[in-house]
Amino acid sequence: MALTVKCYATLAEHSPPEGETPHAEGHTVADLLAELRIDPAEVKVIFVNGLHAGLDQPLRDGDRVGLFPAVGGG
Amino acid sequence: MDTILRIDVGAKGGPKAVTQPVGPYAGLGGRAMTSTVVCTEVPPDCHPLGPENKLVIAPGLMSGSAASTSGRLSVGCKSPLTGGIKEANSGGTGAQALGRLGYAAVILEGERPKGDDWYKVVISKDGVSIVKDNSLRMLPNYDLVERIKAEHGDQVTVISIGTAGEMRMANSTIAVTDVEMRPTRHAGRGGVGAVMGSKGIKCIVVDPEGTTIRHPANPEAFKAANKAFVEGLKRHGVTGQGLPAYGTNVLTNILCEAGGYPTYNFKEGRFPDADKISGETQAQIEIARGGLATHGCHRGCAIQCSGTFVDKDGNFVTKQPEYETVWAHGGNCGISDLDAIARMDFLDDTYGLDTIEMGVTIGVAMEAGVIPFGDAAGAIRLVQETGQGTPLGRILGAGAAATAKCYGLERAPVVKNQAMPAYDPRAVKGIGVTYATTPMGADHTAGYAVATNILKVGGFVDPLQPGGQAELSRNLQVATAALDATGFCLFVAFAILDQADTFQAMVDTINAMYNLSMTADDVVALGQDILTKERAFNTKAGFGPAQDRLPRYFSRESLPPHNVVFDVPEKELDSVFAF
Ligand code: SF4
């Protein structure tokens, strides 16, 4: 049971080793942030499997999660 | 800024400069100025390289004042690439210098005499001089700037064309020097350099010596509004932290994560080697090698999105390559070598090539089998061939659409012949609407729906659903057209879209500068007016709904990983300008 998690930009230091973290049944994105010690206020954009997601989104084994602070350019 | 400088390149005995009061163009800046002059004075059915076309260079309304982050310079003409109206804009020091000298616009017009003479225009507080200097012929921008520096010192701005502009390539830019007097900022899109080349003007040297900043009509209100505006830019996560720390290339990872990063000439939506060329990696390399990750392209920028890229020995290679550049020459071509990409950024700047058009053209050439995907050395060679004008280089310099045509390919990712930037319209549908409908040809800056589709700035509209995208693009295109008139850097948009008080502070600075009482509604009306004029020009140039479309294959071939096609209904595309 594992998730692939990538934290980017100013959140990069919170990325789990090897980009994987164990997953417990029923956990949501908010639970994951707590495990990674990330302040939800620092997170602006959340992707689960390439789709925008919210804090309350339940996670499933094998999900790919991407976490971003406010970023922009163009 | 109440003077217009006209240079008639066809005058007897060589180009002649005439200054006149701004007259009917009073109160216009930036894109509002360039598009109004082009719509009024250029016949829409003319040839872009013929004598009837004009090149209009205009600082933004606020440029040259103490308003923060307001150094944007607009360049307008009929585009040799799209055949429609064009406004391309640039940072650097040009807008401030022209604004301080009092020029609302510089217009190059008339018919260049036969022959191959090249002229240098020098604008200072003492007036305008125009000198024939054929020793400048075919100098790349960096070499040209060194020559100008030796003669005019290092406190001037150089607005110039490289070899591409001289060869009148449909992909050719007009370069503007930055604070270090390097030609790193470009009015990049649509082949504006070719129009300058067609007028025989190699460069315009702008010397602001002896001028002062432009004074606001209402100094107290101006100071307060500008302070609130800067505070707002610092407060927002994008303009206050993301852009200064990582530059625009911070977008590589988020577009990949979203599955909207065009890879291998728009075949896939994620690049497996993205982390090797991301903004995070780039900033790390810059800092480790002794470059610079935070830097402004002109004095008074409160955001500082730029930087300096150096090689392993600490020698200057180029300015920090932008996201679009890294994508175009990187993931789009299957290339993951940042040093090679930085080298191409330098070559593009010195030859005067638009990095988006060049990178997409290389991707098309790769698809045609000219070189394989991932061939970094081959890609560098193609840029060199373009800048040197070899027979192959001439094809590539005509842009992505022309190159696809020469090699018999359908898959040219263009709208109105202009290459699409770094967001796949199938997975970021709002930007697809902007690509399809903006009068400029595929252009992300014309209505940056990526902000709302991907970055959650200015709200959120699901990037994968067709609904709501036309309205999103409409609102952004209107707001952007207005912002393009002000001279404020487009990146202030991130803060003003999210923070109502920062938007108000920006409007208040303009009001205090000019003693106006503009409201948000007036800003909308200004944007709509600009777009209406530009659309009317394009209609007379032969454009209709059939040109406001993406190439068919974007609706037919699906894009992994989300396996989506572009499916915004045509009738919604046709509703974008129903204000
Ligand atoms: S944010 Fe970047 S592009 Fe804009 S003015 Fe500053 S340095 Fe130039």
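Chain letters run A, B, ... following the sequence lines, proteins first, then strands; residues in each count from 1. Keep in mind that the numbers below use all heavy atoms, side chains included, and drop hydrogens, waters and symmetry copies.
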- T28(A)-D31(A) side chain donor-acceptor pair, cut-off 3.5 Å: yes

Non-hydrogen atoms of chain A under 4.5 Å away: do they reach the side chain of [X], the backbone, both or neither?
X       : answer
E324(B) : side chain
P463(B) : side chain
L455(B) : both
D498(B) : side chain
L464(B) : side chain

- Task: Go through K319(B) and D345(B) one step at a time and tell me if the salt bridge (Lys or Arg N to Asp or Glu O under 4.0 Å) criterion holds.
- Result: CA-CA 8 Å; K319(B) 95 280 191 185; D345(B) 183 68; 3.1 Å; yes

- ring-ring contact (aromatic ring centres under 6.0 Å, His included) filter on H52(A), not counting sequence neighbours, yields F47(A), F460(B)

Look up atom [atom1] in [X] and atom [atom2] in [Y], then write down how far apart they are to the nearest 0.5 Å.
X       : Y       : atom1 : atom2 : result
I287(B) : I285(B) : CD1   : CD1   : 11.0 Å
R270(B) : T263(B) : CZ    : OG1   : 10.0 Å
L476(B) : H444(B) : CG    : NE2   : 13.0 Å

- Going by the angle between their ring planes, with limits at 30° and 60°, are F271(B) and Y261(B) parallel, tilted or perpendicular? parallel

- Task: Against chain A, work out which of D275(B), T239(B), V450(B), I454(B) has the most heavy-atom pairs shorter than 4.5 Å and name it.
- Result: I454(B)

- Top residue by heavy-atom pair count (under 4.5 Å) with chain A, among Y423(B), Y323(B), Y448(B)? Y448(B)

- Task: May I ask you to decide whether E322(B) forms a salt bridge with R185(B), counting only side-chain N to carboxylate O separations under 4.0 Å?
- Result: yes

- Query: Are the charged groups of K429(B) and D462(B) less than 4.0 angstrom apart, N to O?
  - Reply: no

- Item | Residues of residues 241-250 of chain B with any heavy atom under 4.5 Å of a heavy atom in chain A | G242(B), L243(B), Y246(B), G247(B), T248(B), V250(B)

